[in-house]
Asks: 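Here it is: the structure, laid out below.
Computed from heavy atoms alone, side chains included, the values below leave out hydrogens, waters and symmetry copies. Throughout, residue positions are numbered sequentially from 1 according to the sequence presented.
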Amino acid sequence: MSRIGAVELRDAVLDAGSFRSWDDAPLEVPVDQVYAAELARARAATGLDESVLTGEGTVFGRRVAVVACEFDFLAGSIGVAAAERITAAVQRATAERLPLLASPSSGGTRMQEGTVAFLQMVKIAAAVTLHKQAHLPYLVYLRHPTTGGVFASWGSLGHITVAQPGALIGFLGPRVYEQLYGEPFPAGVQTAENLLRHGVIDGVVDIDLLRPTLDRALSVIADTPGPAPDAAAAEPIPDVPAWGSVVASRRPDRPGVSWLLRTGATDRVLLSGTHGEAASTVLALARFGGQPAVVVGQRRVTGGLDPSPGRFAPAHRTGPAALAEARRGMALAASLQLPLVLVIDTAGPALSADAEQNGLAGEIARCLSDLVTLDTPTVSVLLGQGSGGPALAMVPADRVLAAQNGWLAPLPPEGASAIVFRDTTHAAELAGAQGIRSADLLRNGIVDAIVPEHPDAADEPVEFTRRLGTAIARELHGLRTQPAADRYAARLERYRRIGLP
């Protein structure tokens with residue numbers, strides 16, 4: 001596996017000739033003769049005076065601070081002098097309100113300096129956390145190899161974290177593990193690709209693609225929002241029966257959040273690569289009509305649903321891991337002070353022992369709590385099925401849109417029928433009686449606007465998702481112009497009054 005040096009990383013990311021070093025002479029620390037000789041050899045071999053370089057440059061004209069390790073300098077290890085340099089750079093980036101790109105490549109703590117070096121990770125982590133608390137971007141690119149205390153501190157605190165393809169990334173280096181336990185570390189675990197599959201990092205990005213990836217992320221996080229989209233043309237909403245919307249929402253070819261991001265948004269950066277149950281949640285940065293947002297979306301997964309009343313085949317359901325991923329999106333929006341767009345499309349909660357034991361109810365409660373009190377603009381989109389607690393957990397936003405065939409209910413209509421009639425054959429009747437369709441939700445003040453389908457989103461996926469993306473952009477722009485305190489108070493009052501006379 002080839003290593004990417006600090007200078008190579010710097011030059012690959014920044015505009016040509018834009019880098020300005022922030023590095024002063026390294027802090028002098030007490031060293032013995034053996035360690036002094038090691039430092040001298042490292043300086044001669046690398047042309048650097050420490051294991052880390054810091055400074056600023058531009059990425060397509062935007063000022064960005066950079067901190068990068070050099071592995072060839074004593075394995076990129078962090079001692080007192082290196083930590084002081086990193087901390088000073090992070091603090092300067094915070095003071096000058098710059099996005100910060102950190103790129104570790106390190107074996108961790110510098111063993112020659114012992115426990116004192118080990119404790120340096122605390123002050124680096126503190127500086128990074130204060131940078132993030134100032135709502136400034138902290139972006140991480142993990143290079144081969146990154147292990148030990150560096151990975152367990154400032155290497156794992158990114159708003160967005162991507163890694164070099166094939167990179168060795170792990171807490172305990174495999175050579176140390178084998179020496180300690182007498183057997184090799186399991187193969188394939190400490191790789192960038194495996195960590196992506198398990199949602200530990202957000203992406204695996206080749207060095208040649210890092211600059212455009214960073215550009216897209218900064219276009220959402222740091223660039224000025226676009227102008228207001230044109231006003232929507234008035235369009236009558238047809239009187240579709242509730243069961244007709246349920247059937248339409250379950251079509252396997254109905255466009256979901258992936259369609260919306262692909263054709264209704266720009267500047268997309270997909271985050272988190274979880275597999276299994278948590279993969280039912282999409283997390284991304286994107287712009288809608290020039291309006292930036294963090295996007296949290298439920299990825300629709302059909303399971304051979306039979307649309308006939310009284311027959312309900314199981315589909316993929318939303319469990320606690322998927323809701324925890326949604327909460328990560330809420331936290332990301334709050335930290336970066338970006339609007340949040342939530343896309344609801346779920347057949348309902350996972351009903352299993354694992355879901356119960358892993359805290360499904362608690363995750364629903366925490367999603368509700370986090371969302372309704374979030375201090376950034378929020379827009380929820382009822383795109384398709386809105387069944388049960390996982391749908392409710394993503395509803396209470398400043399503005400709520402519904403696709404014409406979107407619906408919201410405490411249970412799927414078959415479940416409501418089972419409770420009321422002790423069978424599932426009355427599903428269509430219950431769907432109509434419970435007021436679950438978009439027109440009923442609009443009348444009851446649960447949604448603010450309906451996005452038409454002509455006549456069904458599955459028959460016009462590109463046109464529909466573009467129309468929906470424009471509707472989202474209008475809402476985001478409108479919310480951005482409101483005073484934050486007024487917007488927050490209005491949200492709380494709205495949900496206090498739903499259902500009251």
Asks: Salt bridge or not between Arg467 and Glu453? Use side-chain N to carboxylate O under 4.0 Å.
Replies: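 No, this pair does not count.
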Asks: Looking at Asp456 and Arg254, does any basic side-chain N land under 4.0 Å from a carboxylate oxygen?
Replies: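 So Asp456 pairs with Arg254 through a salt bridge.
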Asks: Give a yes-or-no answer on whether the side chains of Gln298 and Thr281 include a donor-acceptor pair shorter than 3.5 Å.
Replies: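 Short answer, no.
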Asks: Heavy atoms, side chains only, cut-off 4.5 Å: are Val59 and Leu101 in contact?
Replies: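 No, too far: nothing below the 4.5 Å cut-off.
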Asks: Say you draw a straight line from CG of Leu100 to CG of Leu136; how long is it, rounded to the nearest 0.5 Å?
Replies: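 So the CG of Leu100 and the CG of Leu136 are separated by 9.0 Å.
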Asks: If you measure only the distance, is there a donor-acceptor pair under 3.5 Å linking the side chains of Ser280 and Arg299?
Replies: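 Judged by distance alone, the side chains do not pair up.
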Asks: Between the side chains of Asp398 and Arg494, is the shortest nitrogen-to-carboxylate-oxygen separation below 4.0 Å, so that they form an ion pair?
Replies: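 Salt bridge: no.
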Asks: Looking at OG of Ser219 and CG of Asp267, how far apart are the two atoms once the value is rounded to the nearest 0.5 Å?
Replies: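 So the OG of Ser219 and the CG of Asp267 are separated by 3.5 Å.
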Asks: When you measure from the centre of the six-membered ring of Phe71, is the NZ or CZ of Arg3 under 6.0 Å away and within 45° of the axis?
Replies: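 No cation-pi geometry.
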Asks: Is the closest basic N to carboxylate O distance between Arg466 and Glu463 below 4.0 Å?
Replies: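 Here Arg466 does not pair with Glu463 in a salt bridge, since their nearest N and O are not under 4.0 Å apart.
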Asks: Atom OG of Ser387 and atom CD1 of Ile436: how far apart are they, to the nearest 0.5 Å?
Replies: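 One gets 9.0 Å once the value is rounded to the nearest 0.5 Å.
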Asks: With side-chain contact (heavy atoms from CB on, under 4.5 Å) as the test, pick out the partner of Tyr488 among Thr373, Thr376, Leu374.
Replies: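 Of Thr373, Thr376, Leu374, side-chain contact (heavy atoms from CB on, under 4.5 Å) with Tyr488 is met by Thr373 alone.
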Asks: Less than 4.5 Å apart, side chain to side chain, heavy atoms only: is that true for Leu382 and Leu401?
Replies: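 Counting from C-beta outward, Leu382 and Leu401 never come under 4.5 Å.
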Asks: Mind checking the CE-CG spacing from Met330 to Leu332? Nearest 0.5 Å is all I need.
Replies: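 Met330 atom CE to Leu332 atom CG measures 12.0 Å (nearest 0.5 Å).
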Asks: So Val204 and Leu195, side-chain contact (heavy atoms from CB on, under 4.5 Å) or not? Walk me through it.
Replies: CA-CA 9 Å; Val204 174; Leu195 296 186; over 6 Å; no
Asks: Which residues satisfy the side-chain hydrogen bond (donor to acceptor under 3.5 Å, both in side chains) test with His454, sequence neighbours excluded?
Replies: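 If we apply the side-chain hydrogen bond (donor to acceptor under 3.5 Å, both in side chains) test to His454, skipping adjacent residues, the hits are Glu235.
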Asks: Using a 4.5 Å cut-off on heavy atoms from C-beta on, say whether the side chain of Ile237 contacts that of Gln404.
Replies: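 Heavy-atom side-chain distance check passes, below 4.5 Å.
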Asks: Do Ser272 and Glu325 pass the side-chain contact (heavy atoms from CB on, under 4.5 Å) test, and can you show the C-alpha distance, the side-chain angles, and the key distance before you say yes or no?
Replies: CA-CA 9 Å; Ser272 197; Glu325 188 75 358; 2.7 Å; yes
Asks: Regarding Asp375 and Arg491, does a basic nitrogen lie under 4.0 Å from an acidic carboxylate oxygen?
Replies: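 No.
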Asks: Any ion pair linking Asp24 and Arg85 (charged N to carboxylate O, less than 4.0 Å)?
Replies: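 Here Arg85 does not pair with Asp24 in a salt bridge, since their nearest N and O are not under 4.0 Å apart.
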Asks: side-chain contact (heavy atoms from CB on, under 4.5 Å) with Ser18: which residues, sequence neighbours excluded?
Replies: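 Scan of Ser18 (side-chain contact (heavy atoms from CB on, under 4.5 Å), adjacent residues dropped) gives Leu14, Asp15, Thr58.
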